[in-house]
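Everything below concerns the one structure shown next.
Both counts, for ligands and for their atoms, begin at 1 and track the order of listing. All values reported here derive from a predicted model rather than from experimental measurement. Throughout, residue positions are numbered sequentially from 1 according to the sequence presented. Computation of the quantities below employed the complete heavy-atom set of this structure, encompassing side-chain atoms and omitting hydrogens, waters and symmetry-equivalent molecules.
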Amino acid sequence: MSVTDQAFVTLATGDVYCQGALVLGQSLRNHRTSRKLAILITPEVSSGMRSVLRSVFDEVIEVDALGSADSVHLAVLQRPELGVTFTKLHCWTLTHYNKCVFMDADTLVLCNVDELFDREEFSAAPDSGWPDCFNSGVFVFRPSLKTYNLLLQFAEEHGSFDGGDQGLLNSFFSNWATTDIDKHLPFIYNLSSSAVYTYVPAFNHFGRDAKVVHFLGLTKPWNYKYNLQTRRVMQDSTTSGSLHQLSFLALWWNIYSASILPLLEKPQKMEESESEECKYTFNGVEIILKKVSPPVANSLQMPALPERTYETYPTTCSPEELIFKAQPVCEVEQRGSNVHLSESDRSSEQDMLHRTFQEASKLNEVTHAVSELSIHLKPEEPNAEDERRKWEEGRMDYMGKDAFEHIKKKLDAFLY
Ligand SMILES: O=c1ccn([C@@H]2O[C@H](COP(=O)(O)OP(=O)(O)O[C@H]3O[C@H](CO)[C@@H](O)[C@H](O)[C@H]3O)[C@@H](O)[C@H]2O)c(=O)[nH]1
Ligand SMILES: [Mn+2]
């Protein structure tokens, strides 16, 4: 039975975070949520990406970006880019819903979590870095213009102690830590990937019940590379991660390759001498499929840093349980590396992994021969439609491409 006055809500202020939002939305659909799916986006999100979002989300809502403009606190947090997370506050304006669950675009559900709607505002899980604070990546709230305005006023008067929404919301809902234990979501509803290796015994004990994974921190799933044929997440010198984390990353990429890639437009094909590449291009992001030749033994190549590769595959270790075993392909010390995902509906996860592989290989013939999949930030090169929209909305880039000298050059080229 579908519930139309409640929704899961996420946020993406650009095409890159949209990749995460799409995987989150798809994971909620895979686990048959009965609630609506809504996404807040800012004007930067390209029109191509908006139409992809519409195929996963029930509602795509454009809002203005809100920034904390607090470079000092953000520098302490070492995340200068997170001021824009104040945009999250717009979720309180969705008053056509009576209750919502906000989820960061870097989260992923592992099973149906509709029971979250039984909780009241403001419910959230502890932050693994400072457990008397909640993490603002997953929270239950009631849309209300009154609360929205109070939050804006509070932000204006007090700012945020970390420069992002999490500091602000913790100060605003400051009785969360002590007042009502029902508003403390269990940690399994917001399992931060870092906690996986900071407290391994607890992860081994409770991790099997994880319901939501949160890839918080600087490195997001889309910063890794993925091998479509082996279904392995590839690690190189620029990325790091524990074996557990790599299992969750592989799950993210499985959903991405099976369900999101097919929604994207047909890629452009590019031939190169050693590798064949094809690209899906949006304004802010390039998704590259690359056919990589296997390394030739004894070749005279520069020695590369060892690239550690892991794979995730279902085993039949236990009848009710599906166990994803992360296995290093190269010799890497492996301790307690099983990620257990229990619950009966978890078997759909297994089906999904099988489907993923089949669907991934059913992709067009270009994809078929491809092994490496990666997502890159693209230097902005807006298309004509987005450009027109920006002009119509009065958002010209006077200092950059819309500077007088550039416009004059175009006029000159047109006139002479
Ligand atoms: O450029 C950006 C940055 C963030 N977001 C959105 O804001 C969320 C939060 O940013 P994220 O990079 O996920 O932050 P975290 O690494 O999770 O860091 C923590 O700190 C943030 C700032 O306080 C909080 O928003 C997070 O919930 C908290 O987990 C993202 O998931 C997106 O939904 C964007 O759309 N564009
Ligand atoms: Mn996050």
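No cation-pi contact links Arg232 to Tyr226, judged by a cut-off of 6.0 Å to the six-membered ring centre and 45° from its axis.
Between Arg231 and Asn254 the shortest heavy-atom distance is CD-OD1, 3.9 Å. For the pair Ala65 and Val84, the tightest heavy-atom approach, listed with the atom from each and the gap, is CB-CG2, 4.4 Å.
A salt bridge links Asp104 to Lys88: one of the charged nitrogens lies within less than 4.0 Å of a carboxylate oxygen.
Between Trp253 and Tyr256, the distance separating the two ring centers is shorter than 6.0 angstrom. In this structure, Phe122 has its ring center no closer than 6.0 Å to that of Phe141.
For the Mn ion (ligand 2), the count of nearby protein N, O or S atoms, meaning those under 2.8 Å away, is 4.
Counting heavy atoms from C-beta on, the side chains of Ile375 and Glu286 never come closer than 4.5 Å. Looking at Val56 and Leu263, their side chains come closer than 4.5 Å, going by heavy atoms from C-beta outward.
Pocket lining of ligand 1, defined as residues with a non-hydrogen atom under 4.0 Å away: Leu11, Ala12, Thr13, Tyr17, Arg79, Leu82, Val84, Thr85, Lys88, Asp104, Ala105, Asp106, Asn135, Ser136, Gly137, Asp162, Gly164, Asp165, Gln166, His214, Leu216, Gly217, Lys220.
The environment of His96 atom NE2 is dense: over 12 non-hydrogen atoms of other residues, nucleotides or ligands sit within 6.0 angstrom.
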